[in-house]
Amino acid sequence: RRGSPGPSPLTGSPPQALVDDTEDVSLDFGSEEELALRKARIRHPLATFFHLFFRVSAIITYLFCDWFSNSFVACFVTILLLLSFDFWSVKNVTGRLLVGLRWWNQIDEDGKSHWVFEAKRVPAIAASTEAEARIFWLGLIICPVIWTVFFFSTLFSLKLKWL
């Protein structure tokens with residue numbers, strides 16, 4: 001018999017409180033969520049792909065454009081479109097999803113234009129998006145370095161058309 005009143009027949013002491021099986025037990029669900037987020041190293045694979053796709057495609061097009069087309073204008077327009085898509089995706093999609101950046105133009109009462117930049121504060125769980133942030137910032141830094149190398153190589157080789 002469970003939880004009978006009165007002294008215990010064996011010890012003669014008053015009854016001890018027994019734990020009821022229907023009592024609610026609090027569970028810590030946060031640690032499971034955090035574990036699941038850590039396992040998913042890249043939470044936005046499509047955004048990460050397009051962040052690198054437009055940049056790398058523009059560089060590859062610049063390098064191998066002579067193989068596919070003899071038209072300088074077609075190559076130039078293709079590279080310009082790829083870099084424009086890259087700019088749009090970084091500003092509106094990948095910057096926000098991968099590292100939490102937002103920016104927009106705000107006009108005050110005097111008619112002056114002000115750019116507003118915001119960055120998400122890093123929460124404790126943000127360690128799971130460290131891979132995405134690293135991909136974002138490395139892509140943002142390495143590609144302009146590559147374009148700078150292209151600039152000097154075309155300048156010194158006197159291919160001013162490709163400069």
**Q.** From CG (L81) to CG (D86), nearest 0.5 Å
**A.** 12.5 Å
Q. Sequence neighbours excluded, which residues qualify as side chain to side chain contact (heavy atoms under 4.5 Å, CB included) partners of L82?
A. F54, S57, A58, T61, T78
Q. So, H51 side chain and T94 main chain: donor-acceptor pair closer than 3.5 Å or not?
A. no
Q: Could you check W137 against V99 for side chain to side chain contact (heavy atoms under 4.5 Å, CB included), going step by step and ending with a plain yes or no?
A: CA-CA 9 Å; W137 290 113; V99 292; 3.6 Å; yes
Q.
In the structure I gave you, are the side-chain heavy atoms of L101 and F136 within less than 4.5 Å of one another anywhere?
A. yes
Q) Between E132 and L97, is any pair of side-chain heavy atoms under 4.5 Å apart? A) no
Q.
Can you confirm whether L98 sits close enough to H44 that some side-chain heavy atom of one is under 4.5 Å from a side-chain heavy atom of the other?
A. yes
Q.
To the closest 0.5 Å, what do you measure between SG (C75) and CG (N70)?
A. 8.5 Å
Q: Please round to the nearest 0.5 Å and tell me the distance separating atom CZ of F85 and atom CZ of R55.
A: 15.0 Å
Q. Side-chain heavy atoms under 4.5 angstrom apart, residues restricted to Ile, Leu, Val, Met, Phe, Trp, Tyr: same cluster for F72 and Y62?
A. yes
Q.
My understanding is that only residues two or more places apart in sequence, or in another chain, count here; which of them pass ring-ring contact (aromatic ring centres under 6.0 Å, His included) with W88?
A. none
(Q) Is there a path of hydrophobic side-chain contacts, each under 4.5 Å between heavy atoms of I/L/V/M/F/W/Y residues, joining F68 to I59? (A) yes
Q: Identify, with sequence neighbours excluded, every residue that meets ring-ring contact (aromatic ring centres under 6.0 Å, His included) alongside F87.
A: none
Q: Only pairs at least two apart or in different chains count here, so list each disulfide (SG to SG under 2.5 Å) that has a residue in residues 90-121.
A: none
Which pairs of donor and acceptor atoms, one on a side chain in residues 139-151, lie under 3.5 Å apart (sequence neighbours left out)?
unit_1	atom_1	unit_2	atom_2	d
T148	OG1	P144	O	2.8

Q: Consider only side-chain heavy atoms of I, L, V, M, F, W and Y, link residues closer than 4.5 Å, and tell whether I79 and F76 are in one cluster.
A: yes
Q. W67 vs F64 aromatic rings, parallel, tilted or perpendicular, using cut-offs 30° and 60°?
A. tilted
Q: Keeping to residues at least two apart or across chains, list the side-chain hydrogen bond (donor to acceptor under 3.5 Å, both in side chains) pairs with something in residues 110-119.
A: R102-E118, N105-S113, D108-H114
